[in-house]
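Reckoned from all heavy atoms, side chains included, excluding hydrogens, waters and symmetry mates.
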Amino acid sequence: MTDAEKKDARMSENVVVGIDGPAGSGKSSVARAAARELGFQFLDTGAAYRSLGWLVYDRGADPGIREHVLKTLEQFDYEISLESGSQRVLVNGLDVTAQIRAEHISGAASRVAVVPEVRTRVNEIFRGLIQSAEPGIVVEGRDITTVVAPDADVRILLTARPEIRAERRASDVGEDADAIAKRIRDRDDRDMGNSDFMEPADGVHLVDSSDLSFNQTVQAVVNLVHGRTPR
Ligand SMILES: Nc1ncnc2c1ncn2[C@@H]1O[C@H](COP(=O)(O)OP(=O)(O)O)[C@@H](O)[C@H]1O
Ligand SMILES: Nc1ccn([C@@H]2O[C@H](COP(=O)(O)OP(=O)(O)O)[C@@H](O)[C@H]2O)c(=O)n1
């Protein structure tokens, strides 16, 4: 096969768009809106870590204790819908879509996320979902461009300055930006031990949303997908 033929073959396959970035950079809202505009499906990978963190608490266990997390992982049956509207999340058949968004679940999520067995298990789930998505999928998280789908057709790192991320999150949850900024910093530090989502890996496009409106950020992503280059 010539290079041009290989490129054509890839273009006819389902399109995979990976977006990584730190907390509050706009990954989930931008990825969801871009997916809708592109007519693609959407996968928020953080929802799986949040769901496991939620289940650990539900069992009265501690997300900071590896044995508790591993025990809970054995009893973790996870389902997520891929439509770009509101993603329905089921844990052991129970709808936890709203519960996993609570602020205290963010910390639990990033504690269970340091356990390698957890990452291996959820990555298998993500790869299965990505394979089944048609005609394309936008996947967002921390390690999509580097670990989950390093072969994605378009790979993007979405960033924003720390104070802007804290302000955005504060206005979403109605809390003081300083308190949120500290929690985001702690979480980003812990999460950076798993994968680097502050610097774009080779071939990853950097989109800094600090000085862009929400719609401009979505458009930047959509434009990268329309002008996609071969992997
Ligand atoms: N230019 C922008 N780009 C991305 N998000 C923005 C922008 N301006 C405001 N926002 C808002 O910031 C918030 C980002 O939250 P979210 O998408 O949950 O981020 P993340 O998934 O990275 O934690 C959303 O409420 C979004 O509407
Ligand atoms: N691909 C991913 C996605 C999330 N996570 C973990 O899950 C937590 C919650 O992810 P999220 O994307 O819902 O968090 P926000 O950035 O939206 O606050 C993160 O703080 C990470 O610890 C991860 O380790 N890898």
Side-chain angles (χ1 to χ4, degrees), residues 18-29 31-32 42-82 86-130 139-144 146-149 158 165-166 168-170 172-175 179-198:
I19 304 183
D20 288 326
S25 58
K27 297 178 304 295
S28 44
S29 50
R32 179 183 281 114
F42 162 63
L43 176 61
D44 164 359
T45 58
Y49 294 96
R50 287 175 175 275
S51 293
L52 182 61
W54 173 85
L55 188 61
V56 171
Y57 276 150
D58 189 62
R59 296 277 145 96
D62 182 342
I65 299 178
R66 176 181 153 80
E67 289 68 31
H68 289 194
V69 175
L70 290 176
K71 181 95 196 121
T72 311
L73 187 63
E74 285 170 16
Q75 304 154 355
F76 181 58
D77 178 37
Y78 181 71
E79 283 175 69
I80 186 164
S81 56
L82 299 183
S86 96
Q87 288 217 297
R88 221 161 81 92
V89 176
L90 299 183
V91 172
N92 300 337
L94 186 72
D95 189 330
V96 295
T97 313
Q99 286 98 309
I100 61 168
R101 295 296 148 197
E103 185 57 24
H104 70 286
I105 299 294
S106 305
S110 86
R111 284 180 174 81
V112 304
V114 302
V115 177
E117 290 87 341
V118 168
R119 304 197 73 82
T120 303
R121 166 82 182 282
V122 297
N123 285 349
E124 276 167 19
I125 299 175
F126 301 151
R127 291 191 185 113
L129 291 167
I130 291 168
V139 188
E140 61 90 3
R142 300 286 189 292
D143 59 350
I144 311 307
T146 51
V147 177
V148 176
L158 184 61
R165 297 193 277 116
R168 287 179 186 163
R169 187 47 65 88
D172 278 351
V173 299
E175 256 193 71
I180 297 265
K182 181 176 178 336
R183 283 211 295 275
I184 285 187
R185 221 171 25 244
D186 290 348
R187 190 148 61 94
D188 283 345
D189 285 349
R190 194 160 43 234
D191 291 343
M192 279 289 283
N194 304 326
S195 61
D196 185 353
F197 49 82
M198 292 296 191

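Put simply, CD1 on I100 and CD1 on I80 are 7.0 Å apart, with the number rounded to the nearest 0.5 Å. Annotation: the span from H104 atom NE2 to Q99 atom CD amounts to 9.5 Å, rounded to 0.5 Å. The CD1 atom of I19 sits 10.0 Å away from the CD1 atom of I144 when rounded to the nearest 0.5 Å. Annotation: the span from D44 atom CG to K27 atom NZ amounts to 8.5 Å, rounded to 0.5 Å. For the atom pair OG of S28 and CD of Q87, the computed distance is 9.5 Å after rounding to the nearest 0.5 Å. In this structure, the separation between CG on N92 and CD on Q75 is 8.0 Å, given to the nearest 0.5 Å.
A 4.5 Å side-chain heavy-atom check between P63 and Y57 finds at least one atom pair inside the cut-off. Looking only at side-chain heavy atoms (C-beta outward), V122 and Y78 stay at 4.5 Å or farther from each other. In this structure, T45 and V148 have side chains that are not in contact, with every pair of non-hydrogen atoms separated by 4.5 Å or more.
Partners of R185 by side chain to side chain donor-acceptor pair (under 3.5 Å), not counting sequence neighbours: none found. Applying the ring-ring contact (aromatic ring centres under 6.0 Å, His included) rule to F126 yields no partners; only residues at least two apart in sequence or on another chain are considered. Residues passing the side chain to side chain donor-acceptor pair (under 3.5 Å) test with R127, sequence neighbours excluded: none. By the side chain to side chain contact (heavy atoms under 4.5 Å, CB included) test, D186 pairs with K182, sequence neighbours left out. With sequence neighbours excluded, the residues forming a side chain to side chain donor-acceptor pair (under 3.5 Å) with R168 are S209, listed by chain and number. Residues satisfying the salt bridge (Lys or Arg N to Asp or Glu O under 4.0 Å) criterion with D77, sequence neighbours excluded, are absent altogether. Among residues two or more places apart in sequence or in another chain, the salt bridge (Lys or Arg N to Asp or Glu O under 4.0 Å) test is passed with E103 by R183. Residues passing the salt bridge (Lys or Arg N to Asp or Glu O under 4.0 Å) test with R142, sequence neighbours excluded: D191. For M192, the side chain to side chain contact (heavy atoms under 4.5 Å, CB included) partners two or more places apart in sequence, or in a different chain, are D196, F197, M198. Partners of S29 by side chain to side chain contact (heavy atoms under 4.5 Å, CB included), not counting sequence neighbours, listed by chain and number: F214. The salt bridge (Lys or Arg N to Asp or Glu O under 4.0 Å) check on R190 picks up nothing, with sequence neighbours excluded.
Nearest heavy-atom pair across I184 and A166 is CD1-CA, 4.1 Å. The two atoms that bring L70 and V115 nearest to each other are CD2-CG1, 3.9 Å, heavy atoms only. Closest of all the heavy-atom pairs between N194 and A113 is ND2-O, 3.4 Å. Across all their heavy atoms, L158 and P22 have their closest contact at O-CD, 3.5 Å. The minimum heavy-atom distance linking S195 with T146 is given by the pair CB-OG1, 4.5 Å.
Listed by first then second residue, pairs satisfying salt bridge (Lys or Arg N to Asp or Glu O under 4.0 Å) with a partner in residues 45-69 read R66-E117, not counting sequence neighbours.
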* Working for side-chain contact (heavy atoms from CB on, under 4.5 Å), residues D143 and R119 -> CA-CA 10 Å; D143 59 350; R119 304 197 73 82; 2.9 Å; yes

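Applying side-chain contact (heavy atoms from CB on, under 4.5 Å) to I130 and the options V139, L82, I125 leaves one that passes, V139.
Formation of a donor-acceptor pair under 3.5 Å by the T72 side chain with backbone atoms of L55 is not found in this model. Counting only distance, with no hydrogens or angles, the side chain of R187 and the backbone of S110 share no donor-acceptor pair below 3.5 Å.
A salt bridge is absent between D188 and R169; no separation between the charged side-chain nitrogens and carboxylate oxygens falls under 4.0 Å. K71 has a carboxylate O that lies under 4.0 Å from a charged side-chain N of E74, or vice versa, which qualifies the two as a salt bridge.
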